[in-house]
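Right, one structure below, let's go through it.
Numbering of residues begins at 1 and proceeds along the displayed sequence.
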Amino acid sequence: IEALRPDPAYAATGLEIETTKVPGVISNVKDEGVLKFLKEKGVKSLVIGGVSTSGAVNSTARDAADLGFVVTVVKEACWDPKEGLGETLLADVLTMTASVVDVEEAKKLFGGQ
């Protein structure tokens with residue numbers, strides 16, 4: 001979502017993250033390369049969206065919260081192939097470990113209008 005991109009002045013440029021894929025692991029913060037990168041950069045909070053809400057979004061949000069990150073999930077930036085499941089997770093499950101916000105609130109987090 002273009003509106004959610006941080007101001008380029010604050011965005012990291014020219015950085016590459018080498019990741020490895022572990023079968024059965026669907027949380028992005030379980031990847032040692034990603035977690036190392038976040039820690040090296042001093043990242044304390046994450047804004048998450050993705051496919052699928054019941055898979056990678058849910059797992060990443062929960063794992064990130066367990067690791068001490070402040071987690072925000074953007075509703076409109078999530079999708080799930082099973083109708084209704086994503087909405088239920090966003091309303092009733094992810095709120096236990098993350099702030100679940102709409103795109104307008106997410107834009108405010110990035111200083112947008």
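Residues Ile48 and Val71 meet the side-chain proximity criterion, which asks for heavy atoms closer than 4.5 Å. Contact check for Leu35 versus Leu67: side-chain heavy atoms found under the 4.5 Å cut-off. Counting heavy atoms from C-beta on, the side chains of Val57 and Leu94 come closer than 4.5 Å. Taking 4.5 Å as the limit, every side-chain heavy atom of Phe69 sits out of range of all side-chain heavy atoms of Thr60.
In this structure a side-chain-to-backbone donor-acceptor pair under 3.5 Å is present from Thr53 to Trp79. Side chain of Asp63 to backbone of Val29: no donor-acceptor contact under 3.5 angstrom is found. Between the side chain of Glu87 and the backbone N or O of Gly84 there is at least one donor-acceptor pair closer than 3.5 Å. In this structure, Ser52 contributes its side chain and Pro81 its backbone to no donor-acceptor pair below 3.5 Å.
Note: the hydrophobic cluster containing Val73 also contains Val43 (ILVMFWY, side chain heavy atoms under 4.5 Å, direct or indirect links). Placement of Phe110 and Val101 within a single hydrophobic cluster is found when ILVMFWY residues are connected by side-chain heavy-atom separations under 4.5 Å, directly or transitively.
For the atom pair CD (Glu105) and CD (Glu76), the distance works out to 11.0 Å, reported to the nearest 0.5 Å. Taken from CG in Leu89 to OG in Ser54, the straight-line distance is 6.0 Å, to the nearest 0.5 Å. Leu90 CG to Asp102 CG: the interatomic distance, rounded to the nearest 0.5 Å, is 11.5 Å.
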Report task. Begin from the C-alpha positions of Leu46 and Leu38 and carry the test side-chain contact (heavy atoms from CB on, under 4.5 Å) through to its verdict. Result -> CA-CA 10 Å; Leu46 301 174; Leu38 294 173; 4.1 Å; yes
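Here Glu40 pairs with Lys36 under the salt bridge (charged side-chain N to carboxylate O under 4.0 Å, His left out) rule; sequence neighbours left out.
In terms of heavy-atom proximity, Val74 sits nearest to Ala106 at CG2-CB, 3.7 Å. Heavy atoms only, all atoms of each residue included: Thr95 and Val100 are closest at CG2-CG2, 3.9 Å.
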